[in-house]
Amino acid sequence: MEKVRTEFVITVKGKITKRPPETYNEKYATGQVEMYPEHLEILSDCKVLPFVLEDENVSEDVRLKYRYLDLRREKMLHNLQTRHNICQAARKYLNDLDFLEVETPVLIKTTPEGARDYLVPSRVQEGKFYALPQSPQIYKQLLMVGGIERYYQIAKCFRDEDLRADRQPEFTQIDMEMSFVEQQDVIRVVEGLIKETFKAAGVEVQTPFIQMPWQEAMDKYGSDKPDTRFGLELFDIGDIILQSEFHIVRDTLEKGGIVRGIRIPGGAKYSRKDIDDITKLAVSYGAKALANIIYNEDGTAKSPVLKFVTEEQAKQIKERAQAQNGDIIFFVADKPKAVYDIMGRLRLHFGKSLNLIDENKHNLLWVVDFPMFEWSDEENRFMAMHHPFTSPNLNDLDKLDSGDLGNVKSIAYDIVYNGTELGGGSVRIHSSVVQQKIFKALGLTEEEAQEKFGFMVNALQYGTPPHAGLAIGLDRMVALLCHTESIRDVIAFPKNSGAKDLMSDAPGEASIKQLRELHIKSTLQPQHQH
RNA sequence: GGGAGCGUAGCUCAGAUUGGUUAGAGCGCAUGCCUGUCACGCAUGAGGUCGCGAGUUCGAUCCUCGUCGUUCCCGCCA
């Protein structure tokens with residue numbers, strides 16, 4: 001008996017008896033009984049643990065190295081249990097709606113567009129490579145062509161990009177697709193799915209959810225995943241500035257820029273240093289400058305900007321901002337994308353730092369009417385905002401033909417939960433002609449499109465039902481519902497931020513023999529090779 | 001690719017005003033005592049390349065540079 005230590009695995013036989021009432025321990029379910037052991041057997045002993053399991057405050061690299069011990073903690077078990085409950089609820093809900101769970105391949109062909117692919121060298125096909133899927137996108141659409149009608153899969157996806165607390169190189173999506181449906185059909189089904197999965201995690205939500213056009217989300221919140229748990233909505237003062245002598249901002253506006261402001265209640269009390277710090281923050285978000293107007297308690301306005309705007313215009317701005325005496329407003333003028341980004345982040349900063357976020361809220365909303373394309377300065381071309389198989393809004397087909405790509409809307413929709421994108425989807429292109437147009441708009445020649453996506457375009461020519469779908473980021477959803485910042489806390493064996501598995505030490509070296517079989521030769525300098 | 005933080009005992013951390021001779025605490029661990037205790041208590045004890053390398057200095061856990069590890073963020077993530 002005295003040999004038994006922490007985390008030993010034992011069997012004990014004996015009589016269980018009621019304890020004297022004064023010795024009850026209410027902390028444990030078994031606190032009113034005890035056993036007098038008659039026979040004890042040690043099935044496994046246990047070395048001294050590298051950390052105390054009850055210690056909440058162990059650094060993550062230690063936890064990850066001994067993940068099998070970390071998983072013994074109550075919280076980790078709870079997280080995995082919640083994940084299981086959510087998956088089971090999703091399966092039940094979708095099964096009941098006659099969705100078919102189908103597995104799609106993990107060794108597929110590399111595709112341009114999107115994230116960097118994980119590559120797998122082929123031994124049999126010399127010099128060729130598979131890619132791991134970034135999502136089952138193409139295959140689920142081919143299932144629709146194949147007449148499956150309703151598909152889902154809890155699918156592993158792989159993207160070889162840098163990691164974050166909410167991004168792992170391999171992650172899981174609840175992926176689904178339906179034939180003969182439109183956007184509102186998918187939205188209705190997914191709202192039910194969200195309701196059921198949230199319920200499985202103990203959160204009740206009301207359907208339907210608000211549907212907010214992308215433009216409204218950007219205008220009010222500076223984000224395509226607005227956190228509506230707090231106000232501080234942005235406002236437009238472009239028309240007022242245009243009447244003023246504020247030439248720098250007017251020039252920006254006349255070149256297609258925009259100006260947006262945010263009102264901070266009670267901000268008139270900010271010191272010069274406070275405002276400097278906020279300005280620095282805005283600059284770190286990419287702002288060239290951050291203007292402010294203080295509305296004093298006595299009703300006067302104070303701002304360097306007053307050199308350029310009249311008293312009347314300052315008053316108009318105050319009205320537009322719905323500012324009270326004692327408030328401060330900040331505003332930024334730049335290209336739309338920059339302004340949205342800066343102001344959106346600033347809004348989140350204030351929401352957090354001013355404690356405006358009610359953590360008990362569960363705000364779910366749809367963002368709809370996304371732009372189809374997004375200009376990439378880096379690639380010097382338009383890129384698909386969602387993905388290349390997203391259907392453009394049929395009213396915008398003429399813009400597609402005339403090359404007015406910046407104004408083409410797509411039939412895409414994102415589901416947003418408390419300022420986090422939970423998932424997204426779209427109505428897909430079911431016409432090979434439209435699909436070709438999109439490839440062309442994305443800068444792919446007909447030959448390239450044929451080489452990369454030929455099988456897809458071909459398939460679309462054989463009687464493709466209209467179809468639409470969506471995928472939910474399972475890890476992110478579970479993490480939010482488990483109230484944890486990092487999706488690593490809801491994945492049994494995650495990678496660290498360097499994409500390494502600290503437990504197994506993957507990725508590891510490959511032997512010369514393995515490389516030779518795969519027809520692979522490293523480009524690393526010899527001293528870096530194994 | 002870039003920025004920021006951290007790295008001291010098995011774990012979590014402290015370590016001065018400007019660098020000084022013997023680097024501490026709690027938990028854990030070991031041994032003993034106690035035994036209605038149950039996150040027991042008491043006593044004693046073991047446990048340190050202060051991440052690594054170089055530099056500055058009479059002297060570096062402390063300062064400088066580099067490097068490695070780790071976390072967060074930006075870029076990137078259709």
Side-chain angles (χ1 to χ4, degrees), chain A residues 2 5-7 17 19-36 46-66 69-70 73 110-118 133-135 137-138 157-171 173 280-281 283-286 341-342 345 348-349 370-379 381-390 410 412 414 421 424-426 428 438-439 441-444 452-453 471 473 476 485-488 494-500 502 505:
Chain A
E2 54 276 3
R5 297 283 180 268
T6 307
E7 297 295 302
T17 56
R19 300 170 67 153
E22 66 273 17
T23 66
Y24 286 175
N25 185 350
E26 303 302 339
K27 285 181 195 165
Y28 297 99
T30 56
Q32 294 191 7
V33 296
E34 61 191 358
M35 175 198 270
Y36 291 95
C46 178
K47 296 211 297 186
V48 174
L49 297 167
F51 56 90
V52 184
L53 296 185
E54 288 78 18
D55 188 347
E56 296 280 326
N57 201 22
V58 179
S59 63
E60 202 173 5
D61 50 336
V62 177
R63 290 175 51 204
L64 289 178
K65 180 172 179 187
Y66 299 96
L69 299 179
D70 190 43
R73 305 156 83 118
T110 183
T111 50
E113 298 282 313
R116 191 177 293 112
D117 280 329
Y118 273 99
Q134 298 173 28
S135 82
Q137 182 60 38
I138 293 177
C157 306
F158 307 85
R159 294 178 191 177
D160 187 5
E161 298 291 349
D162 287 354
L163 285 73
R164 290 284 188 281
D166 63 349
R167 273 168 27 194
Q168 283 274 303
E170 52 177 309
F171 60 100
Q173 290 184 343
K280 273 183 202 153
L281 194 66
V283 167
S284 78
Y285 296 156
D341 188 43
I342 293 157
R345 288 207 221 176
L348 283 181
H349 163 77
F370 278 79
M372 180 77 199
F373 302 102
E374 190 176 26
W375 179 258
S376 165
D377 286 331
E378 195 184 331
E379 303 249 339
R381 68 175 177 92
F382 279 98
M383 315 258 287
M385 199 166 202
H386 191 59
H387 58 55
F389 313 109
T390 300
S410 66
D414 276 2
E421 180 192 329
S426 60
R428 325 299 185 185
I438 296 297
F439 285 146
L442 293 172
L444 286 171
K452 302 294 182 189
F453 299 110
R476 232 173 249 188
E485 300 286 315
S486 165
I487 64 171
R488 293 187 294 265
K495 312 270 188 293
N496 75 355
S497 74
K500 286 201 299 189
L502 293 178
D505 205 29

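Numbered from 1 within each chain, the chains take letters A, B, ... in sequence-line order. Note that the structure is predicted; figures quoted are calculated from it, not measured.
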* C1' spacing across the pair B:A14 / B:G48, given as an integer number of angstrom -> 15 Å
* Structure fact -> Among B:C13, B:U70, B:C73, the one nearest any side-chain atom of A:Ala165 is B:C73
* State plainly whether the residues A:Arg381 and A:Glu113 are in salt-bridge range, i.e. N to O under 4.0 Å. => yes
* How many Å lie between CD on A:Glu378 and P on B:G75, as a whole number? -> 12 Å
* Residues A:Arg345, A:Asp341: salt bridge by 4.0 Å N-O rule -> yes
* Considering residues at least two apart in sequence or located in another chain, which fulfil the side chain to side chain contact (heavy atoms under 4.5 Å, CB included) criterion with A:Ser497? -> none
* To do: Kindly say if A:Ser497 contacts the phosphate of B:U71, meaning a side-chain N or O under 4.0 Å from OP1 or OP2.
  => yes
* Whom does B:C42 pair with, Watson-Crick or G-U wobble, provided both distances fall under 3.5 Å? -> B:G32
* Rounded off to whole Å, could you give me the CZ-to-P distance for the A:Phe158 and B:C76 pair? => 24 Å
* For A:Ser59, which contact category applies under a 4.0 Å heavy-atom criterion: base, sugar-phosphate, or nothing? -> sugar-phosphate
* **salt bridge (Lys or Arg N to Asp or Glu O under 4.0 Å) partners for A:Lys495, two or more places apart** => A:Glu170
* To do: State, yes or no, whether a side-chain contact exists between A:Arg159 and A:Arg116 at a heavy-atom distance under 4.5 Å.
  => no
* Asked: Just checking A:Leu163: base, sugar-phosphate only, or nothing, at a heavy-atom cut-off of under 4.0 Å?
  -> nothing
* Treat primed atoms plus P, OP1 and OP2 as sugar-phosphate and everything else as base, then score nucleotides 24-40 of chain B 5' to 3': B for base contact with protein heavy atoms under 4.0 Å, S for sugar-phosphate contact only, - for none. => ----SSS-----BBBS-
* Asked: Rounded to the nearest Å, what distance is computed from the NZ atom of residue A:Lys65 to the C1' atom of nucleotide B:G10?
  -> 11 Å
* Asked: Nearest-Å distance, CZ (A:Arg63) to C1' (B:U71)?
  -> 13 Å
* Structure fact -> Taken to the nearest whole Å, CZ/A:Arg167 to C1'/B:U71 is 15 Å
* Asked: Quick one: ring-ring contact (aromatic ring centres under 6.0 Å, His included) partners of A:Phe439, sequence neighbours excluded?
  -> A:Phe453
* **Value in whole Å for how far the C1' atom of B:C13 lies from CG of A:Asn57** => 9 Å
* For nucleotides B:G47 and B:G3, find the distance between their P atoms and express it as a whole number of Å. => 42 Å
* B:U57 pairs with, by Watson-Crick or G-U criteria that keep both distances under 3.5 Å -> none
* To do: Can you sort out the partners of A:Glu22 under salt bridge (Lys or Arg N to Asp or Glu O under 4.0 Å), two or more places apart, ordered by chain and number?
  => none
* **Contacts of A:Glu378 that satisfy side chain to side chain contact (heavy atoms under 4.5 Å, CB included) - sequence neighbours left out** => A:Ser376
* Nearest nucleotide by nearest heavy atom, which residue falls closer to the 5' end of RNA chain B, A:Gln137 or A:Asn496? -> A:Asn496
* Asked: Residues in salt bridge (Lys or Arg N to Asp or Glu O under 4.0 Å) with A:Arg19, at least two apart?
  -> A:Glu34
* To do: Starting from P on B:U70, measure out to CD on A:Glu60 and report it in whole angstrom.
  => 11 Å
Using atom names, set out every protein N or O paired with an N or O of nucleotides 1-5 of chain B below 3.5 Å, distance rounded to 0.1 Å.
from: B:G1; atom 1: O6; to: A:Asp162; atom 2: OD2; distance (Å): 3.4

* Asked: Base, sugar-phosphate, or nothing for A:Lys500, non-hydrogen atoms under 4.0 angstrom?
  -> sugar-phosphate
* Asked: How many Å lie between NE2 on A:His387 and P on B:C77, as a whole number?
  -> 15 Å
* Structure fact -> A:Glu421 meets the salt bridge (Lys or Arg N to Asp or Glu O under 4.0 Å) criterion, sequence neighbours left out, with none
* Asked: Paired with B:G7: which nucleotide, if any, by Watson-Crick or G-U wobble criteria at under 3.5 Å for both distances?
  -> B:C68
* Structure fact -> Side-chain contact check for A:Arg345: nearest option of B:U71, B:C11, B:G75 is B:G75
* Select base, sugar-phosphate, or nothing to describe what A:Pro50 touches, counting heavy atoms under 4.0 Å on all strands. => sugar-phosphate
* **A:Arg488, nearest nucleotide to its side chain (from B:G10, B:C77, B:C72)** => B:C72
* State, yes or no, whether a side-chain contact exists between A:Ile438 and A:Met372 at a heavy-atom distance under 4.5 Å. => yes
